[in-house]
2 protein chains.
Amino acid sequence: MRKFPYGKARSMPSESAKQRRAQAKLDYDAFLTNCPSRQLLARISDKWVTLILAALGGDGPSAGAGGTGEARPLRYSELSRRLAGVSQKMLTQTLRSLERDGLVTRTVTPTVPVTVHYELTELGSSLQELMWGVKDWAEAHMDEVLANRDEYDARPA
Amino acid sequence: MRKFPYGKARSMPSESAKQRRAQAKLDYDAFLTNCPSRQLLARISDKWVTLILAALGGDGPSAGAGGTGEARPLRYSELSRRLAGVSQKMLTQTLRSLERDGLVTRTVTPTVPVTVHYELTELGSSLQELMWGVKDWAEAHMDEVLANRDEYDARPA
DNA sequence: GTGCCTACTTCCTATGAGAGAGTAGCGGGT
DNA sequence: ACCCGCTACTCTCTCATAGGAAGTAGGCAC
């Protein structure tokens, strides 16, 4: 396993993207505290990130029979309405960090009042597929979890 | 879409597990604040949950060429060592909630000192596959994200 | 007795999530 | 002229919680 001091200039120019990602999997280990991938994992393991990506992904590959699974850009206010209960602060904060990490693009249109669109990048799309699966799992297995909780709480201490 | 007041006794006895899950996906919507699936999503969208499941899943389906992808039970102390940087409090807390939700089982062996094993349930395994994908994504795309961050930070405000 | 082991539990403090109000800049109503 | 309202934030305050550190039970070795 190659070991880097987590600096820059890590990839060889002749490697393919796939090769580089395979190499990255060996270089990075999210089980380690100081590995950057631990921080990245912490960032994406977040309910708002999951919901934002799911929303920008157009409700995912299923969405019943009519779902196209196509990504579609959303305005700030649309996201705010879709993600019920999110504070403006958290929404802005989360979107900024997703933008910084290259998962979404932020497009300002100078109408009046100004409108801002957020859209998944290709990188964001690749994660969105996973995140949609997570959201879907939560919805699909809710009953099972609820039943387990009842059983657990009912059993003698 | 059937609407429930999020009470108990939700499933019809004659439905198959698959049918029930499909129905659950319609009943529950993690985009809504008060939906229990929102809480469940928040619970599983957590770095420690991801790492615990990944660890109990035996490093996932890849793990290079030798990985079996087989789940294997781990002791508390083994988990504590594997998840570098986790506090005992968080580990215990997270394991308890996973146990309550029926994702892991807790087995106490009355040796001296006592040993406790944690193992994935079938339900936990189904989520572990997703979570492993998330951890894997973080490690595989770390370089891309790092590059995006550099670019973002370098560009004029 | 003293120390050590595992698997916790308790206490304290710093971080950060969320609620609520404030801001810029312009258009539209009266 | 004046006030309102709209979008997309930004600021401030408060309360919850994550994490660090230290304490606990109970038994075996020395």
Side-chain angles (χ1 to χ4, degrees), chain A residues 30-35 38-52 55-56 73-101 104-119 152 157, chain B residues 30-35 38-52 55-56 73-101 104-119 152 157:
Chain A
F31 281 122
L32 305 174
T33 316
N34 301 325
C35 182
R38 165 70 73 88
Q39 258 103 69
L40 182 56
L41 179 64
R43 189 93 265 310
I44 63 180
S45 294
D46 176 278
K47 69 179 163 183
W48 299 126
V49 169
T50 304
L51 289 175
I52 287 174
L56 291 177
L74 289 179
R75 296 183 53 180
Y76 179 86
S77 53
E78 290 173 318
L79 276 170
S80 180
R81 244 170 284 120
R82 190 94 178 81
L83 309 196
V86 70
S87 70
Q88 294 183 318
K89 179 185 141 191
M90 274 312 293
L91 183 54
T92 302
Q93 208 173 88
T94 308
L95 284 168
R96 284 278 194 284
S97 92
L98 291 179
E99 188 197 359
R100 190 167 106 98
D101 289 351
V104 305
T105 55
R106 179 173 178 274
T107 314
V108 180
T109 314
T111 54
V112 55
V114 67
T115 54
V116 180
H117 283 94
Y118 292 93
E119 190 170 6
Y152 184 92
Chain B
F31 281 122
L32 305 175
T33 316
N34 301 324
C35 183
R38 165 70 72 88
Q39 258 103 70
L40 182 56
L41 179 63
R43 188 94 264 312
I44 64 180
S45 293
D46 177 277
K47 68 179 165 184
W48 298 126
V49 169
T50 304
L51 290 174
I52 286 174
L56 291 177
L74 288 179
R75 296 182 52 178
Y76 179 88
S77 54
E78 289 173 319
L79 276 169
S80 181
R81 244 171 284 120
R82 190 93 179 81
L83 309 195
V86 70
S87 70
Q88 295 182 318
K89 179 185 144 191
M90 275 312 292
L91 183 55
T92 302
Q93 208 173 88
T94 308
L95 284 169
R96 284 279 193 285
S97 94
L98 291 180
E99 188 197 358
R100 190 167 105 99
D101 290 351
V104 304
T105 55
R106 179 173 178 272
T107 313
V108 180
T109 313
T111 54
V112 55
V114 67
T115 54
V116 180
H117 282 94
Y118 293 93
E119 189 169 5
Y152 185 92

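Every chain is numbered from 1, with letters handed out A, B, ... down the list of sequences.
- Distance, A:E78 CD to D:dC6 P: 16 Å, rounded to whole Å.
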Taking protein heavy atoms under 4.0 Å as touching, what does nucleotides 14-30 of chain D look like 5' to 3' if B marks base contact, S marks sugar-phosphate-only contact and - marks none?
-> ----BBB-B----SS--

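- Residue B:L83 holds its CG atom at 6.5 Å from CG of B:L91, rounded to the nearest 0.5 Å.
- Contact of the A:D101 side chain with the A:L40 side chain is registered, since non-hydrogen atoms from C-beta on lie closer than 4.5 Å.
- Just one residue in the list B:R96, B:M90, B:K89 forms a side-chain contact (heavy atoms from CB on, under 4.5 Å) with B:T92, and that residue is B:R96.
- Taking 4.0 Å as the cutoff to heavy atoms of chain A, we find the contact window on DNA chain C bounded by C:dA17 to C:dG27.
- When heavy atoms are screened at a 4.0 angstrom cut-off, B:T115 is found touching the sugar-phosphate backbone but no base atom.
- Within the 4.0 Å cut-off from OP1 or OP2 of D:dC9, at least one side-chain nitrogen or oxygen of A:R96 is found.
- Put simply, the side chain of B:R81 reaches to within 4.5 Å of the side chain of B:S77, judged on heavy atoms.
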Worked verdict on A:H117 versus A:T109 for side-chain contact (heavy atoms from CB on, under 4.5 Å) | CA-CA 8 Å; A:H117 283 94; A:T109 314; 4.3 Å; yes

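- At least one side-chain heavy atom of B:L41 sits under 4.5 Å from a side-chain heavy atom of A:L51.
- For the pair A:Y118 and A:L95, the minimum side-chain heavy-atom distance is below 4.5 Å.
- Under the 4.5 Å side-chain criterion, counting only non-hydrogen atoms from C-beta, A:R43 is in contact with A:V49.
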